[in-house]
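Note: hydrogens, waters and symmetry copies are ignored here, and every other heavy atom, side chains too, is used. Residues take their numbers from the sequence shown, with the count starting at 1.
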Amino acid sequence: MSTNAADPLVALGGLPGVPDAVDSVRKAVDRVYGHRVMRRRSNEITSEAALRGARGSAALSGADWALEEVRRRTDFGSEPEARTVGAALRLTAEAGQLLSIWRQSPLRVLARLHLVAAADAGDAVGRPRLAGESVDEPLIELPLPDADEVAGRLEGLSRLIIAGGSAPALVTAAIVHGELLALRPFTSHNGLVARTAERIVLIGSGLDPKAVCPSEVGHAELGRAAYAAALDGYVSGTPQGMAAWITHCGKAVELGVRESTAVCEALQRGAA
């Protein structure tokens with residue numbers, strides 16, 4: 001995230017293609033918020049978006065279950081995929097409880113998210129990894145930064161979030177998401193935590209205050225290969241690579257909007 005601008009995130013918002021992505025996302029979000037069903041049944045849309053978002057995030061972490069299986073299942077502790085789905089569901093539920101803390105103490109929120117995802121009392125849970133600790137994140141094959149680099153970059157990310165600024169919500173959300181995936185600061189569940197952090201930024205920024213635009217759905221629909229390729233662009237640090245990642249995240253939000261619009265239409269027809 002190297003830049004000479006006073007607000008680094010604002011500078012990223014000016015990358016080629018990014019202003020168009022920001023504008024496209026805003027228009028898509030405005031459309032779904034203007035749907036007549038949203039005006040009357042927004043709580044139902046929010047609940048369904050949470051479920052579908054959790055399913056999408058779990059799919060990217062290797063547990064690609066059908067939506068109806070996620071909906072009907074009650075036991076999420078029996079085997080690895082079930083635990084991944086359970087972690088995604090818990091994180092989605094937890095995200096809304098942490099909005100007020102995020103802007104004051106993002107690192108505290110990230111620690112809490114990891115604790116919720118891991119759901120155990122191991123001594124590596126709820127804190128950044130230490131030197132020599134391994135990371136269980138098989139679907140992300142990037143070189144792993146060492147613990148000192150992780151600590152420094154987390155502090156930098158925290159300062160940017162606390163400072164605020166006028167960067168578009170999409171840019172901030174994409175950078176938080178990409179940085180956490182690149183760093184993998186925890187010993188496990190980093191992908192789930194990163195996507196939940198993106199969700200928190202989109203909600204807390206006011207872009208999606210009712211949490212009805214599940215970007216996780218879009219990331220899953222775009223596929224793991226595209227997700228990994230876009231993340232490579234982020235990690236490269238080049239303007240083109242950063243723009244590609246932010247634009248990818250924008251497409252994911254728009255696909256999440258499309259998902260919730262379909263739910264609105266189904267409710268309007270009385271089919272859901």
Self-check item: Which atom of Arg90 lies closest to which atom of Ala119, heavy atoms considered
Solution: NH2-CB, 3.4 Å
Quiz item: Quick one: CD1 on Ile200 to CG on Asp208, what's the gap to the nearest 0.5 Å?
Solution: 13.0 Å
Exercise. Indicate yes or no: at least one non-hydrogen side-chain atom of Leu113 is less than 4.5 angstrom from one of Leu98.
Key: yes
Quiz item: With distance as the sole test, does Gln97 use its side chain to make a donor-acceptor pair with the main-chain N or O of Glu94 at under 3.5 Å?
Solution: no
Practice problem: Using modelled atom types only, decide if a donor and an acceptor are shared between the side chain of Ser205 and the backbone of Leu202 within a distance under 3.5 Å. | Solution: yes
Practice problem: Give, for atom CG of Leu157 and atom CG of Leu183, the distance between the pair rounded to the nearest 0.5 Å. | Solution: 8.0 Å
Self-check item: N/O donor-acceptor pair under 3.5 Å between Glu137 side chain and Ile140 backbone
Solution: no
Quiz item: How long is the gap from CG on Asp232 to CD on Glu141, to the nearest 0.5 Å?
Solution: 10.0 Å
Practice problem: Would you please classify the geometry between the Trp245 ring and the His177 ring as parallel, tilted or perpendicular, with 30° and 60° separating the classes? | Solution: perpendicular
Practice problem: Measure the shortest side-chain to side-chain distance between Thr92 and Thr196 over non-hydrogen atoms and say whether it is less than 4.5 angstrom. | Solution: no
Quiz item: If Ile, Leu, Val, Met, Phe, Trp and Tyr residues are connected whenever their side-chain heavy atoms lie under 4.5 Å apart, and connections chain through other members, are Leu231 and Val18 in the same group?
Solution: yes
Quiz prompt | Short side-chain to backbone donor-acceptor contact, Arg55 and Trp65, under 3.5 Å | solution = yes
Quiz item: Counting distance only, does the side-chain N/O of Ser158 pair as donor-acceptor with the main-chain N or O of Leu154 below 3.5 Å?
Solution: no
Quiz item: Where is the tightest heavy-atom contact between Leu110 and Ala197, given as atom of each residue plus distance?
Solution: CD2-CB, 4.1 Å
Self-check item: Val22 and Arg26: CA distance, side-chain angles, deciding distance, side chain to side chain contact (heavy atoms under 4.5 Å, CB included) verdict
Solution: CA-CA 6 Å; Val22 169; Arg26 167 53 68 188; 5.6 Å; no
Quiz item: What distance do Glu133 atom CD and Thr187 atom OG1 have between them, rounded to the nearest 0.5 Å?
Solution: 6.5 Å
Self-check item: Heavy-atom pair with the smallest gap, counting every atom of Ala58 and Ala88
Solution: CB-CB, 4.0 Å
Quiz item: Are Val263 and Leu51 in one and the same hydrophobic cluster, where Ile, Leu, Val, Met, Phe, Trp and Tyr link if side-chain heavy atoms are under 4.5 Å apart?
Solution: no
Quiz item: Salt bridge check: are Lys251 and Glu254 linked by an N-O gap of less than 4.0 Å?
Solution: no
Quiz prompt | Side-chain (Tyr33) to main-chain (Lys210) donor-acceptor, under 3.5 angstrom | solution = yes
Quiz prompt | Side chain proximity check, Ile45 to Cys264, heavy atoms < 4.5 angstrom | solution = yes
Practice problem: For Thr247 and Asp20, run side chain to side chain contact (heavy atoms under 4.5 Å, CB included): C-alpha distance rounded to whole Å, both residues' side-chain angles, the deciding distance at 0.1 Å, then the answer. | Solution: CA-CA 9 Å; Thr247 301; Asp20 288 342; over 6 Å; no
Exercise. In sequence, state the C-alpha distance, the side-chain angles, and the governing distance for Ile162 and Arg103, and then conclude on side chain to side chain contact (heavy atoms under 4.5 Å, CB included).
Key: CA-CA 5 Å; Ile162 292 169; Arg103 286 294 295 271; over 6 Å; no
Quiz item: Is the side chain of Ser105 donor-acceptor paired with the backbone N or O of Ile101 at a distance under 3.5 Å, no angle test?
Solution: no
Quiz item: Is the backbone N or O of Ala182 less than 3.5 Å from a side-chain atom of Arg184, with the two atoms forming a donor-acceptor pair by type?
Solution: yes
Practice problem: Starting at CG of Leu180, measure out to CD1 of Ile175 and round the result to the nearest 0.5 Å. | Solution: 11.0 Å
Quiz item: Within a strict 4.5 Å, meaning less than it, do heavy atoms of the Arg83 and Phe76 side chains meet?
Solution: no
Practice problem: Would you sort out whether Ser260 and Glu48 count as a side chain to side chain donor-acceptor pair (under 3.5 Å), showing the intermediate values? | Solution: CA-CA 8 Å; Ser260 286; Glu48 189 66 18; over 6 Å; no
Self-check item: Single-linkage hydrophobic cluster, 4.5 Å side-chain cutoff, Leu107 and Val116 together
Solution: yes
Quiz item: Are more than 12 heavy atoms from other residues, nucleotides or ligands located less than 6.0 Å from atom CZ of Arg108?
Solution: no
Self-check item: Joint cluster assignment, Leu91 & Val109, ILVMFWY side-chain distance < 4.5 Å
Solution: yes
Quiz item: Between Arg195 and Ser57, is there a donor-acceptor pair closer than 3.5 Å when you use the side chain of the first and the backbone of the second?
Solution: yes
Exercise. Carefully, step by step, assess His219 and Glu198 under the rule side chain to side chain donor-acceptor pair (under 3.5 Å).
Key: CA-CA 11 Å; His219 285 301; Glu198 181 183 58; 3.2 Å; yes
Quiz prompt | Minimum side-chain heavy-atom gap Leu115-Arg127 below 4.5 Å | solution = no
Quiz item: Could you give the distance from CG (Leu192) to CG (Leu60), rounded to the nearest 0.5 Å?
Solution: 9.0 Å
Quiz prompt | Considering all heavy atoms, the nearest Val201-Ala169 contact | solution = CG1-O, 4.0 Å
Exercise. Using distance alone, with no hydrogens and no angle criterion, decide if His35 and Glu265 have a side-chain donor and acceptor under 3.5 Å apart.
Key: yes
Quiz item: Within the distance-only criterion (no hydrogens, no angle test), does the side chain of Asp23 pair as donor or acceptor with the backbone N or O of Pro19 below 3.5 angstrom?
Solution: no
Exercise. Quick one: do Phe186 and Val125 satisfy side chain to side chain contact (heavy atoms under 4.5 Å, CB included)? Show the steps, please.
Key: CA-CA 8 Å; Phe186 302 108; Val125 171; over 6 Å; no
Practice problem: Give the minimum heavy-atom separation between Ser42 and Met38, together with the two atoms involved. | Solution: CB-O, 3.2 Å
Quiz item: Side chains of His248 and Leu222: closer than 4.5 Å at any heavy-atom pair?
Solution: yes
Practice problem: Looking only at non-hydrogen atoms, find the nearest pair between Ala87 and His189 and report the distance. | Solution: CB-CD2, 4.1 Å
Quiz item: Same cluster for Leu255 and Val32 if Ile/Leu/Val/Met/Phe/Trp/Tyr side chains link at under 4.5 Å?
Solution: no
Quiz item: Are the charged groups of Glu149 and Arg153 less than 4.0 angstrom apart, N to O?
Solution: yes
Quiz prompt | Arg31 and Val257, any side-chain heavy atoms less than 4.5 Å apart | solution = no
Quiz item: Side chains of Ile246 and Leu170: closer than 4.5 Å at any heavy-atom pair?
Solution: yes
